[in-house]
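Below you'll find the structure, written out as structure tokens, and then a few comments.
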Amino acid sequence: MTKRYKFISWNVNGIRAVDKKDALKWIDDVNIDLLGVQETKSQKNQIPKSIFNKEFAFSTASESKIKGRSGTALFTDINITFECTCPSVDILDEGRINEVHFSLGTKDIAFFNVYFPNGQSSQERLDYKMEFYDRFLEHCENLKKENKSIIVCGDVNTAHTEIDIARPKANENTSGFLKMERDWITKFLNHGFIDTFRLINGDIKDKYSWWSYRANARENNVGWRIDYFYISEDLKDFVKDAYILDNIFGSDHCPIALEIEI
């Protein structure tokens with residue numbers, strides 16, 4: 001007997017601000033099995049209890065050593081067997097990862113909810129972003145050697161190809177669309193991972209997950225697809241749907257979803 005599971009990922013750009021807008025209340029009206037949120041900008045004890053009424057069986061959060069930055073949180077009804085904040089990848093303790101393990105069917109899964117670094121502020125931060133990418137890939141490869149299947153959700157802070165960004169030429173020298181960043185995503189995929197949105201939707205254009213707050217970017221759909229659900233190749237046949245919830249507001253990002261049946 002198989003079951004269909006629905007996973008949601010959303011960079012909320014401040015979970016306390018989202019709470020004031022009641023922008024996560026829609027969670028009460030949908031049947032989901034796991035919610036990962038990024039950029040909470042909160043310490044663990046600052047995440048409001050009122051973000052939604054649904055009571056998940058398990059929740060966890062990461063927090064940055066610098067208050068008001070980064071932060072991730074994960075909520076699920078799936079039985080979790082292991083959880084950590086992945087310090088071997090998030091070496092600056094910026095609150096960027098929730099790593100949890102669980103079993104679905106015959107698959108032993110390592111699930112990651114990640115807020116990858118932004119490289120736009122300085123060369124130093126761009127260098128750190130690339131190092132973070134490489135450490136994350138190494139960690140995933142080590143888990144695959146332990147026969148883990150892998151699901152990754154979150155804000156990767158890079159648009160992979162020209163169809164993932166509204167204005168590729170204008171941004172080719174901007175972090176988030178630099179060749180080195182895009183090449184890393186290609187390398188990640190070549191290591192046996194799949195971009196589930198492209199798996200389901202092919203080369204569909206004009207579908208984005210982030211828009212600048214400036215110049216009516218969202219209204220004009222001048223966006224970037226920088227939020228992803230990746231899976232290891234062994235899960236490919238279990239994917240039933242992957243989509244962008246661009247009708248949900250409250251952040252400069254919108255949520256994305258993955259549905260698998262296993």
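Basis for what follows: all heavy atoms, side chains included, without hydrogens, waters or symmetry-related copies. This one's a predicted model, so the numbers in the text were calculated from it and none came from an experiment.
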Is any side-chain heavy atom of [Y] closer than 4.5 Å to one of [X]?
X: Tyr228; Y: Asp195; value: yes
X: Pro87; Y: Thr85; value: yes
X: Gln120; Y: Thr174; value: yes

Check the surroundings of atom [atom1] in [X]: do more than 12 heavy atoms from other residues, nucleotides or ligands lie under 6.0 Å from it?
X: Arg4; atom1: CZ; answer: yes
X: Arg69; atom1: CZ; answer: no
X: Asn31; atom1: CG; answer: no
X: Glu55; atom1: CD; answer: no

Are any of the side-chain nitrogens in [X] or [Y] under 4.0 Å away from the carboxylate oxygens of its partner?
X: Asp93; Y: Lys65; result: no
X: Lys187; Y: Asp134; result: yes
X: Asp234; Y: Lys144; result: no

Have [X] and [Y] got a donor and an acceptor in their side chains that come within less than 3.5 Å?
X: Ser232; Y: Ser149; value: no
X: Glu138; Y: Asn142; value: no
X: Ser42; Y: Lys67; value: no

Let's go through Thr60 and Lys44 carefully: what are the C-alpha distance in whole Å and the side-chain angles of both, what is the deciding distance for side chain to side chain donor-acceptor pair (under 3.5 Å) to 0.1 Å, and is it a yes or a no? CA-CA 8 Å; Thr60 188; Lys44 295 176 185 178; over 6 Å; no

Say whether, by atom type as modelled, one donor and one acceptor occur between the side chain of Ser62 and the main chain of Thr72 under 3.5 angstrom.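 Side chain of Ser62 to backbone of Thr72: a pair is present.
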
Could you list the residues that satisfy side-chain contact (heavy atoms from CB on, under 4.5 Å) with Leu92, not counting sequence neighbours?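 Listed in chain order: Glu94, Arg125, Tyr128.
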
So Phe56 and Phe52, would you call those rings parallel, tilted or perpendicular, with 30° and 60° as cut-offs?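 Phe56 and Phe52: perpendicular rings.
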
Less than 6.0 angstrom from the centroid, inside 45 degrees of the normal: does Arg96 satisfy that with respect to the ring of Tyr115?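 Judged by the rule (NZ or CZ under 6.0 Å from the ring centre, within 45° of its axis), Arg96 counts as positioned above Tyr115.
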
Let me check something: any side-chain donor-acceptor pairs from residues 235-250 under 3.5 Å, sequence neighbours excluded? List them with distances.
residue	atom	partner	partner atom	Å
Tyr243	OH	Glu259	OE2	2.6
Asp246	OD2	Lys207	NZ	2.9

I'd like to know whether the aromatic ring centres of Trp184 and Tyr133 sit less than 6.0 Å apart in this structure.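 Yes; Tyr133 has its ring centre under 6.0 Å from that of Trp184.
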
May I have the step-by-step check of salt bridge (charged side-chain N to carboxylate O under 4.0 Å, His left out) for Asp77 and Lys54, ending in yes or no? CA-CA 11 Å; Asp77 285 324; Lys54 180 174 172 59; 3.3 Å; yes

